[in-house]
Protein chains: 2
Amino acid sequence: MPDRRVRTLSRDKIVDAALDLIDQNGAGAVTMRDLARALGVTPMALYNHFGNKNELLRGVAEHVIDRADFDGGVAKWQDRLRHCFHTLRRICLQHPGLPTMLEIEGAAPASVFRPMDVAMAALQAAGLDEVESAQAYFVLVGFTLSQATYQARGPIPGLHASRQLAADWDYDAGFEYGLELIITGVSGMAER
Amino acid sequence: MPDRRVRTLSRDKIVDAALDLIDQNGAGAVTMRDLARALGVTPMALYNHFGNKNELLRGVAEHVIDRADFDGGVAKWQDRLRHCFHTLRRICLQHPGLPTMLEIEGAAPASVFRPMDVAMAALQAAGLDEVESAQAYFVLVGFTLSQATYQARGPIPGLHASRQLAADWDYDAGFEYGLELIITGVSGMAER
DNA sequence: ACCTGAACACCGTTCAAGT
DNA sequence: ACCTGAACACCGTTCAAGT
């Protein structure tokens, strides 16, 4: 018989609270102590549910990625790629900590392969072989994550200020253009 | 009259020592205390030369970028792009901490605009306007930095292991393919 | 099985003091 | 002007103890 007393904590509760903190204060702002305080609990209570902070962050990333629909069920390979990386970009902007979490050593969950599977199927439909598809995927995911990171961080003060890129930079237009550039490149490479 | 006693510290000495530590132990491994110990000095002595750790890292990044030749003096815009981003990739691989340092908030020095100027000139020679060139530059730099970061970190254990991407992944071939894909995309976008 | 409280070994940085 | 030494306010995590 399992314990019938209400457990104050669970992996889901921890992940939800961590996601709230990340969305409010950004990526590196989440602290085991802060997270414990938000849950009304001692920091060490978290270690009954996650081995360490990295595992916890991986749990958060997994939760976010698992909720996303990268496929979309569209027909043309170009539209599948557009949908896949628009989706990835959207969840990165919704949770500004996500790209950093995925970049942190060991924090990437197995779920990161879900968009990879979708994208690689589309790239092979475009005419690339398996290795080429993987190589092209890394172009797309590197581009998408770096764009989202730049946008979430905002212009670097004193650095972008010297150029006119700062105030009126259109991140949406920049993403669309870059995505179309890469898709055009995929077509060109497939024709060789 | 300036003080004639030998100063034990200088910005250059600190930057050199920090670069050594970064090259040996990776990105986040450099600590004000470790760096001070390597210099045979107290941690607080560093604060006479740099306002804080971020400024120090910016100094290191600046030093590395300033030593690189992004231009190369080649004629065709495709070759100029190849040379520029091969150079950027090389210094990122020589100093595995560099991409992380550039991504750290506020750590990016004004020098990051040097490869940007070279690349944007090449992209405008390809037929893109100024805004398009900036957008295409972000594709190239995001791709190059993310590739170098992946390669420096190595495969994520238990994650890439489930795919055949792990052991025999050719980072050089992946970079070449991605770069050609983007250059092909630039040509395609310029023709519109 | 799950949570607490005190402690450990770290951080970056401030401050007052030395020369 | 430059460096030291002690201290402050943090970290993630270990360990022994409670229930």
Side-chain angles (χ1 to χ4, degrees), chain A residues 1-22 24-61 97 100-101 103-109, chain B residues 1-22 24-61 97 100-101 103-109:
Chain A
M1 285 287 273
D3 193 344
R4 286 256 162 255
R5 287 176 300 178
V6 275
R7 281 180 204 72
T8 59
L9 236 46
S10 68
R11 285 178 66 98
D12 282 348
K13 279 186 188 173
I14 294 175
V15 165
D16 285 344
L19 199 51
D20 278 352
L21 280 187
I22 290 169
Q24 288 169 23
N25 310 326
V30 57
T31 291
M32 297 301 266
R33 284 170 159 89
D34 285 347
L35 180 55
R37 193 178 314 122
L39 286 160
V41 97
T42 270
M44 284 316 299
L46 304 171
Y47 287 83
N48 292 309
H49 302 270
F50 293 95
N52 52 42
K53 190 182 180 181
N54 241 332
E55 280 187 22
L56 196 157
L57 291 178
R58 198 181 319 164
V60 174
T100 304
M101 277 161 45
E103 284 163 6
I104 291 172
E105 187 168 0
Chain B
M1 284 289 274
D3 193 344
R4 286 257 162 255
R5 289 175 300 178
V6 273
R7 281 180 204 71
T8 60
L9 235 48
S10 68
R11 285 178 67 99
D12 282 348
K13 280 187 187 173
I14 295 175
V15 165
D16 284 344
L19 198 52
D20 277 352
L21 280 186
I22 290 169
Q24 287 170 24
N25 309 325
V30 58
T31 291
M32 297 301 266
R33 283 170 159 90
D34 286 345
L35 181 54
R37 193 177 315 120
L39 287 160
V41 98
T42 273
M44 283 317 300
L46 304 171
Y47 287 84
N48 291 310
H49 302 270
F50 293 96
N52 52 42
K53 191 183 180 180
N54 242 332
E55 280 187 20
L56 196 155
L57 291 178
R58 198 181 320 164
V60 175
T100 304
M101 276 161 44
E103 284 162 5
I104 291 173
E105 188 168 0

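Naming convention: chains lettered A, B, ... in sequence-line order (proteins, then strands); numbering from 1 in each chain.
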*Asks:* Does B:His49 have a side-chain nitrogen or oxygen under 4.0 Å from the phosphate oxygens OP1 or OP2 of D:dC3?
*Replies:* yes
*Asks:* Could you give all pairs that pass the salt bridge (Lys or Arg N to Asp or Glu O under 4.0 Å) test and reach residues 40-59 of chain B, with sequence neighbours left out?
*Replies:* none
*Asks:* With sequence neighbours excluded, what pairs up with A:Val60 under the side-chain contact (heavy atoms from CB on, under 4.5 Å) test?
*Replies:* A:Val15, A:Ala18, A:Leu19, A:Ile22, A:Leu56, A:Met101
*Asks:* Using whole Å, what does the distance between atom C1' of nucleotide C:dT14 and atom CG of B:Leu46 come to?
*Replies:* 15 Å
*Asks:* Just jot down the side-chain hydrogen bond (donor to acceptor under 3.5 Å, both in side chains) partners of B:Asn25, sequence neighbours excluded, or say none.
*Replies:* none
*Asks:* Please list, chain by chain and in numerical order, all residues satisfying side-chain hydrogen bond (donor to acceptor under 3.5 Å, both in side chains) with B:Asp34, sequence neighbours excluded.
*Replies:* B:Arg37
*Asks:* B:Arg33: what forms a side-chain hydrogen bond (donor to acceptor under 3.5 Å, both in side chains) with it, not counting sequence neighbours?
*Replies:* none
*Asks:* If I take atom CG from residue A:Leu35 and atom CD1 from residue A:Ile14, how far apart are they, to the nearest 0.5 angstrom?
*Replies:* 7.0 Å
*Asks:* Take the protein atom CZ of A:Arg11 and the nucleotide atom P of C:dA1, then report the distance between them rounded to whole Å.
*Replies:* 17 Å
*Asks:* To check you understand the geometry: which heavy-atom pair defines the closest contact between A:Ala36 and A:Thr42, and what is its length?
*Replies:* CB-C, 3.7 Å
*Asks:* Expected output check: what is the dot-bracket annotation of DNA chain C, where ( ) and [ ] are pairs inside the strand (brackets for crossing ones), | is paired with another strand, and pairs are Watson-Crick or G-U under 3.5 Å?
*Replies:* ||.|||||...|||||.||
*Asks:* It should be established whether A:Thr8 places a side-chain nitrogen or oxygen under 4.0 Å from OP1 or OP2 of nucleotide C:dC2.
*Replies:* no
*Asks:* Among all residues two or more places apart in sequence or in another chain, which pass the salt bridge (Lys or Arg N to Asp or Glu O under 4.0 Å) test with B:Asp16?
*Replies:* none
*Asks:* Rounded to the Å, how far apart are B:Asn48 CG and C:dG18 P?
*Replies:* 17 Å
*Asks:* Return the polar atom pairs (N/O with N/O) between nucleotides 9-13 of chain D and the protein under 3.5 Å, or none.
*Replies:*
| unit_1 | atom_1 | unit_2 | atom_2 | d |
| --- | --- | --- | --- | --- |
| D:dC11 | N4 | A:Arg33 | NH2 | 3.4 |
| D:dG12 | OP1 | A:Met32 | N | 3.4 |
| D:dG12 | OP1 | A:Lys53 | NZ | 2.7 |
| D:dG12 | OP2 | A:Met32 | N | 3.2 |
| D:dG12 | N7 | A:Arg33 | NH1 | 2.5 |
| D:dG12 | O6 | A:Arg33 | NH2 | 3.2 |
| D:dT13 | OP2 | A:Tyr47 | OH | 2.7 |
| D:dT13 | OP2 | A:Lys53 | N | 3.0 |
| D:dT13 | O5' | A:Tyr47 | OH | 3.4 |

